[in-house]
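This report refers to the structure that appears directly beneath it.
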Amino acid sequence: MTGMTKRNILIGCTGSVATIKLPLLIEKLRVSKPDVEIKVIVTEHAEHFFATSDIAPDVPIHRDADEWASWKGRGDPVLHIDLGKWADLMVIAPLDANSLAKMAQGLCDNLLLCTARAWDFGKPLLFAPAMNTRMWEHPITGPQIETLKSWGLREIPCVAKTLMCGDTGLGAMAEVDTIVQTVLRCLGEMDAMC
């Protein structure tokens with residue numbers, strides 16, 4: 001039954017240089033599951049790391065301004081609620097240190113974090129941390145990751161390698177293939193329950 005059910009995937013990207021892998025992530029998800037629908041939410045800082053022209057034109061990219069453009073008054077659509085209802089699965093890749101800290105405290109000061117805060121925990125929410133090794137090794141990072149996991153979110157663990165800044169160690173976002181395989185495994189679990 002896997003591969004038969006059309007699924008909607010919401011990808012969130014935060015202000016980590018690993019956002020440069022967004023076009024590849026979309027491409028590999030579409031190759032692995034051609035019937036998937038994808039929408040993207042980016043934070044303001046994530047926009048520094050990719051070109052909109054590198055994303056297929058049929059993949060909507062949502063920004064903070066879109067939330068306010070669609071709502072004028074009572075009864076109008078609320079984008080962060082609508083995106084959460086639309087998606088079968090959400091993956092935040094990369095999840096930077098700042099957004100991790102905000103999520104762990106329940107803060108929601110942008111479209112991505114509002115969507116995550118209003119998430120239906122009956123559906124998978126995956127996150128792939130990405131940050132400098134020094135940030136990864138900070139004493140608060142482990143407890144913040146554990147907080148998200150205690151709520152039922154699924155971590156796609158970071159890896160060790162030489163980072164863009166030249167430092168070597170843990171903190172790099174998981175490889176795109178690992179993220180894709182984790183998403184496909186979650187979708188397969190969902191299909192098996194149908």
Side-chain angles (χ1 to χ4, degrees), residues 9-22 24-26 39-50 61-68 78-85 87 89-176 178-180 182-183 186:
I9 298 177
L10 187 57
I11 300 173
C13 292
T14 63
S16 163
V17 70
T19 295
I20 64 174
K21 297 181 180 181
L22 174 61
L24 181 61
L25 177 58
I26 292 169
K39 293 183 181 182
V40 175
I41 304 175
V42 293
T43 64
E44 178 184 350
H45 297 295
E47 292 189 74
H48 293 280
F49 299 110
F50 74 98
I61 301 171
H62 297 282
R63 298 164 174 87
D64 291 347
D66 297 329
E67 175 102 79
W68 304 107
V78 178
L79 186 57
H80 66 270
I81 300 298
D82 291 344
L83 287 170
K85 289 179 179 177
L89 177 148
M90 181 174 181
V91 57
I92 304 175
L95 177 62
D96 66 11
N98 185 52
S99 297
L100 167 64
K102 289 179 178 183
M103 282 181 70
Q105 293 300 313
L107 300 178
C108 45
D109 61 355
N110 59 42
L111 177 59
L112 175 56
L113 295 179
C114 284
T115 305
R117 178 70 189 255
W119 189 252
D120 171 359
F121 287 97
K123 300 187 292 187
L125 198 165
L126 314 175
F127 66 98
M131 62 195 75
N132 178 273
T133 302
R134 290 175 182 224
M135 294 172 127
W136 180 257
E137 292 174 349
H138 190 283
I140 196 64
T141 303
Q144 290 171 341
I145 295 276
E146 290 307 313
T147 294
L148 299 190
K149 289 166 60 175
S150 75
W151 299 338
L153 280 65
R154 300 183 195 186
E155 179 188 12
I156 306 171
C158 68
V159 296
K161 67 182 196 181
T162 300
L163 306 172
M164 288 288 191
C165 63
D167 292 349
T168 300
L170 279 171
M173 186 174 80
E175 295 298 327
V176 169
T178 302
I179 296 168
V180 169
T182 305
V183 167
C186 284

Is there a side-chain contact between M103 and Q144 (heavy atoms, below 4.5 Å)? no

Please list every donor-acceptor pair under 3.5 Å in which a side-chain atom of residues 111-119 meets a protein atom from a residue at least two apart or in another chain.
unit_1: T115; atom_1: OG1; unit_2: L111; atom_2: O; d: 2.8
unit_1: R117; atom_1: NH1; unit_2: G106; atom_2: O; d: 2.3
unit_1: W119; atom_1: NE1; unit_2: K123; atom_2: O; d: 2.9

List the atom of A174, the atom of V159, and the distance in Å for their closest heavy-atom pair. CA-CG1, 4.3 Å

Straight-line distance of F49 CZ to L22 CG, nearest 0.5 Å: 12.5 Å

Rounded distance [0.5 Å steps], CZ in R63 versus CD in E47: 4.5 Å

Within this structure, what is the CG-CE distance for the pair L170 and M131, rounded to the nearest 0.5 Å? 11.0 Å

Search all heavy atoms of L25 against all heavy atoms of I179 and return the closest pair with its distance. CD1-CG2, 3.8 Å

Looking at side-chain heavy atoms only, is the closest gap between I61 and F50 below 4.5 Å? yes

Just verifying a value: how many Å separate L10 CG and K85 NZ, rounded to the nearest 0.5 Å? 14.5 Å

Any side-chain heavy atom of T133 within less than 4.5 Å of one from T168? no

Shortest non-hydrogen contact between A46 and C13, atoms and distance: CB-O, 3.3 Å

Which atoms form the tightest heavy-atom contact between L89 and C186, and what is the distance? CD1-CB, 3.6 Å

Measure the spacing between CD1 of I145 and CG of L153 and express it to the nearest 0.5 Å. 10.0 Å

Would you check if T182 and R154 make a side-chain contact, meaning some heavy-atom pair closer than 4.5 Å? no

Considering residues at least two apart in sequence or located in another chain, which fulfil the salt bridge (Lys or Arg N to Asp or Glu O under 4.0 Å) criterion with E137? none

Spacing of CG belonging to L79 relative to CG belonging to D64, to within rounding of 0.5 Å: 10.0 Å

Are the side chains of E67 and V78 in contact, using a 4.5 Å heavy-atom criterion? yes

N/O donor to acceptor pairs below 3.5 angstrom from side-chain atoms of residues 91-98, sequence neighbours left out:
unit_1: D96; atom_1: OD1; unit_2: N98; atom_2: N; d: 3.4
unit_1: D96; atom_1: OD1; unit_2: S99; atom_2: N; d: 2.7
unit_1: D96; atom_1: OD1; unit_2: S99; atom_2: OG; d: 3.0
unit_1: D96; atom_1: OD2; unit_2: G15; atom_2: N; d: 3.0

Looking only at heavy atoms, what is the nearest atom pair of W136 and T141, with distance? O-CB, 3.4 Å

Please report the shortest heavy-atom distance between F121 and W151, naming the atom on each side. CD2-O, 3.7 Å

